[in-house]
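Input: a single structure, listed below in structure tokens.
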Amino acid sequence: MTATFKESIQEALANPNLRGALGRFSEAYKISREKAYAGMDFQAVRDAVRDVKAHGASHLEELAEAFKAKAEAAGAKVYRASDPAEVKAYILALAKENGVRSIVKSKSMATEEIHLNKHLEAAGIEVYETDLGEWIIQLCHQTPSHMVMPAIHMTKEEVAEVFSTKVEEGQQPDIPKLVKFARGKLRNRFLDADMGISGANIAVAETGSLVLVTNEGNARLVTTLPRIHVAVVGIEKLVASFQDVQPILQALPRNATSQLLTSYVSIITGQVPNTDGSPKQLHIILMDNKRTEMAADPKFRQALQCIRCASCLNVCPVFRLVGGHVFGKVYTGGIGTILTAWFDELKQSDDIQGLCIQCGACKDVCPGRIDIPDLILELRRRLAVEKGMPLVQKGIFAVVNNRRLFHSLLRAASVAQKPFAKGGFIRHLPLFLSGMTDFRSLPAIAPRPFRDTFKEIVQPECKEKAAIYAGCLIDFAYPEMGEAVVRVLNKAGIRVVFPEGQTCCGAPARYNGAYETAAGNARENIKALLEEDVQYVVSACPTCTVALRDDFISTFESLGMGDDLEGARVLSAKTIDFATLVKKLVDEGRLEFKDGQQAETITYHDSCHLKRTLNAQQAPRDLLKKAGFTVTEMKECDTCCGMAGSYSLKLPELSAPILERKLENIKDTGATSVAMDCPGCVMQIRGGLDKLGSGIKVEHTAVRLAKRLK
Amino acid sequence: MDNLFASFKERAEAVSAEVHRCGTAAEARDFVHGLLREVGGTALWAPCAFLEAQGRPAFPGLSYDVTREGAAQAKVGISQMEWALADTGTLVVDATEVGSRLVSTLPQIHVALIGADRLLPDMASVLGRIKPEKACYLSMITGPSRTADIERVLTIGVHGPERLVIVFVEGGAA
Ligand code: SF4
């Protein structure tokens with residue numbers, strides 16, 4: 001990561017407005033969005049949106065031609081532009097030809113993308129953004145920090161200051177007054193403008209229609225008052241039929257602003273009359289700017305399913321800390337990282353892709369069903385291929401790829417750390433590693449790994465057999481979690497085997513774009529775990545479970561390693577997370593817990609992979625209740641704790657405040673314990689609470705349950 | 001029908017629209033007159049079926065000659081809507097005729113007349129009925145104009161009207 005990028009993060013973190021406004025907003029957003037979808041099946045709506053947009057993305061050329069024919073028959077002029085320069089030249093020529101002196105604009109990301117205003121202003125034409133947020137950022141020469149709320153990073157005081165210095169002295173930080181002021185100031189701009197420029201939220205091929213979705217009413221004025229209307233439309237806005245408009249109109253306002261519908265939806269088809277009755281010139285520019293290239297990429301095509309609702313930003317724990325400007329470009333957040341890599345160039349995303357914590361919150365909320373985290377991993381992979389890995393990282397992965405070396409180093413570390421470890425925590429690490437322990441303690445490496453203690457566990461003879469996959473953390477830091485898993489399964493009549501050849505699941509490598517290393521890990525694990533014939537391969541680490549179940553397959557697919565797929569699929573079918581397996585055993589009556597209510601009140605933290613990839617969030621809660629605990633929910637129980645593997649090492653300045661918030665939410669419940677299903681989260685949260693000197697107990701669900709077996 | 005109306009009213013009021021119901025066209029006319037008297041200023045009434053059937057009532061300050069200057073000055077704009085959607089509290093109208101757009105965009109208050117029989121349950125039912133090929137400028141209106149661009153604080157009325165007064169007229173608006 002470059003120094004300036006780190007600086008921009010620090011700067012954003014130091015801005016209290018940003019953290020306050022975004023934090024409050026993202027909290028309220030989840031609740032109000034839920035309400036907006038009440039009585040509606042979000043999954044069905046998003047399936048419909050995905051289908052409509054995916055169809056569009058795979059028929060761009062066809063739809064663009066059909067759209068052009070229809071719109072032109074209705075009196076529009078349609079111009080297809082392949083790059084930004086063409087769009088700018090077209091509009092400027094049109095303006096000159098028609099003696100245009102001033103232009104009013106309705107909000108349009110496509111024109112932001114190509115920096116149209118600058119170009120027109122340089123030619124002496126006045127350009128006014130009329131969306132309130134856009135006007136504010138235009139006045140202070142900034143870029144939007146959010147796709148739906150461009151000026152969300154500013155306070156009313158800052159807005160009043162901007163208005164006072166750039167427009168008219170004496171504006172007060174009173175929001176209704178500031179809004180009135182904008183209305184008053186822009187009114188004559190609308191009336192005087194010769195040209196109106198808008199974007200479009202949807203373009204319908206079947207009818208040649210443009211659909212504009214707004215709240216302020218400015219798009220209606222921009223498309224009504226000036227004698228020329230120019231719409232700049234990214235070709236990914238095309239849908240096939242008029243009926244396709246519906247799911248997008250259902251999802252967009254609900255996801256963007258938690259509204260059932262925005263105040264205004266305008267559907268414009270061809271030429272409409274001007275206010276003097278003459279026909280209005282309508283120019284529609286269908287802009288490509290790499291979208292066709294994107295559509296041809298089997299992996300990235302899905303990014304064209306984006307309807308620009310910005311909900312992926314609203315739920316992103318990193319975005320809400322740092323806001324949009326650290327992303328540096330026009331599109332921000334997770335999807336912004338992807339669009340920047342394409343519309344600008346791959347290497348522009350080098351720094352910002354590192355902001356993604358891979359928690360998957362965006363994927364969960366995206367109405368276009370875009371797997372944003374996966375696409376960001378793919379960016380990492382391509383970046384790693386293009387420019388190679390940093391040397392240190394390369395060294396680390398070379399070690400991780402060599403099981404014997406890796407494991408013996410970990411064993412050595414358990415001895416070497418002695419001077420630093422106290423009471424099960426490494427409180428301080430020497431020199432360059434100290435950044436790791438600034439905000440939370442790290443677990444000490446266990447004196448004996450689980451693979452050693454496992455051999456001493458006396459197990460009953462059972463008919464059924466399961467292989468335990470420990471993963472690095474359970475194996476080398478938390479052997480007691482592994483022991484708990486064995487105890488619980490034994491009780492249900494399942495014998496547990498520990499395949500010695502197992503090694504790191506490859507997630508760290510994969511999440512850093514080192515797919516070759518991940519593939520090496522995958523191969524070794526598949527071989528080890530399928531050696532013996534077992535019913536289940538069980539893991540108490542959700543990240544490992546996801547690796548075994550999903551990632552091995554997709555890593556092989558990404559690298560075109562078709563021969564390895566068969567084994568990966570067999571393993572995938574057997575893989576199950578601990579909580580889901582135990583819930584199943586309890587439901588089958590094979591496992592019971594001791595009677596009696598426990599004194600401890602537990603709150604439950606959802607680990608990202610368990611909840612959002614494995615969808616197993618209910619099982620651990622049910623089990624804890626069955627085991628006699630009172631489970632009380634914390635606020636934002638499913639927001640990432642900030643651990644995220646090596647993320648907390650690379651970006652501790654972001655990991656720390658994310659954790660801080662999590663700890664606050666845990667403390668607010670008044671619970672004396674917090675349970676979770678991921679050893680990584682245990683490490684992060686236990687470390688954080690330890691640093692605070694809190695007495696709240698942090699345990700893996702497995703450890704909790706093992707103690708309550710009948 | 002009553003259910004649809006109740007739902008429409010609830011949804012529209014939730015987004016700050018004002019919803020009224022008049023038993024006859026004459027009642028609606030009186031209601032509009034009362035409102036104009038109350039708020040003062042000038043008003044513009046765009047050509048519509050209601051007027052064709054009722055004639056053009058004369059109120060002080062009210063004009064039927066819709067121009068952009070007039071609309072920019074007017075306090076109230078009056079126009080007729082074609083459909084109302086119960087599940088979102090939305091009005092739908094073919095606004096190709098520019099007068100109907102001017103009176104619903106520029107003045108501070110927009111009075112929307114609609115026949116009580118024009119209620120539809122939802123967006124799907126209206127999308128099946130409207131033909132974009134025939135209506136060049138379709139408008140869907142849900143509440144008055146609004147913004148939350150400064151600190152996420154909701155403020156009603158920005159570039160569009162700050163009041164939306166919806167008047168349902170029994171027996172069809174025409
Ligand atoms: S990626 Fe999905 S969530 Fe993000 S803006 Fe696009 S549609 Fe919305």
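Letters go in sequence order (proteins before strands), and every chain restarts at 1.
Only the side chain of A:Leu186 comes within contact range of chain B, with heavy atoms under 4.5 Å apart. For A:Val148, the part lying under 4.5 angstrom from a heavy atom of chain B is the backbone only. Neither the backbone nor the side chain of A:Ala74 comes within less than 4.5 Å of any heavy atom of chain B. Neither the backbone nor the side chain of B:Leu85 comes within contact range of chain A, judged by heavy atoms closer than 4.5 Å. Interface residue A:Leu249: only side-chain heavy atoms are found under 4.5 Å from chain B.
Proximity to chain A at a heavy-atom threshold of 4.5 Å picks out nothing from residues 26-35 of chain B.
Ranked by heavy-atom pairs under 4.5 Å with chain A, the first of B:Ala124, B:Gly89, B:Gly143 is B:Ala124. Of the residues considered (B:Leu127, B:Leu91, B:Leu106, B:Val153), B:Leu106 shows the highest number of contacts with chain A, using heavy-atom pairs under 4.5 Å. Ranked by heavy-atom pairs shorter than 4.5 Å toward chain B, the options A:Leu178, A:Leu221, A:Val245 are led by A:Leu221. Here A:Leu225 is the residue among A:Leu210, A:Leu225, A:Leu22 with the most heavy-atom pairs under 4.5 Å with chain B. Listed options B:Gly160, B:Pro161, B:Ala17, B:Ala95 were ranked by heavy-atom pairs under 4.5 angstrom with chain A; first place goes to B:Gly160. Counting heavy-atom pairs closer than 4.5 Å to chain B, the top-ranked of the candidates A:Leu191, A:Val159, A:Val211 is A:Leu191.
For the atom pair CG of A:Leu261 and CE of B:Met123, the computed distance is 4.5 Å after rounding to the nearest 0.5 Å.
A 4.5 Å side-chain heavy-atom check between A:Ile136 and B:Ile150 finds at least one atom pair inside the cut-off.
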Any idea which donor-acceptor pairs are under 3.5 Å between chain B and chain A?
from, atom 1, to, atom 2, distance (Å)
B:Arg68, NH1, A:Leu225, O, 3.0
B:Arg68, NH1, A:Thr275, OG1, 3.0
B:Arg68, NH2, A:Leu191, O, 2.6
B:Arg101, NH1, A:Thr224, OG1, 3.1
B:Ser104, O, A:Arg220, NH2, 3.1
B:Ser104, OG, A:Arg220, NH2, 2.9
B:Leu106, O, A:Arg187, NH1, 3.2
B:Leu106, O, A:Arg187, NH2, 3.2
B:Cys136, O, A:Thr269, N, 2.7
B:Tyr137, OH, A:Thr223, OG1, 2.7
B:Leu138, N, A:Ile267, O, 2.8
B:Leu138, O, A:Ile267, N, 2.8
B:Ser139, OG, A:Arg220, NH1, 3.1
B:Met140, N, A:Val265, O, 2.7
B:Met140, O, A:Val265, N, 3.0
B:Thr142, N, A:Ser263, O, 2.7
B:Pro144, O, A:Ser263, OG, 3.1
B:Ser145, N, A:Tyr264, OH, 3.4
B:Ser145, OG, A:Glu216, O, 3.4
B:Arg146, N, A:Asn215, O, 3.0
B:Arg146, NE, A:Ser263, OG, 3.2
B:Thr147, OG1, A:Glu216, OE2, 2.8
B:Asp149, OD2, A:Gly133, N, 2.8
B:Glu151, OE2, A:Lys156, N, 2.7
B:Val158, O, A:Arg183, NH1, 2.4
B:His159, N, A:Glu216, O, 3.2
B:His159, NE2, A:Thr130, O, 2.6
B:Gly160, N, A:Glu216, O, 3.1
B:Gly160, O, A:Arg183, NH1, 2.6

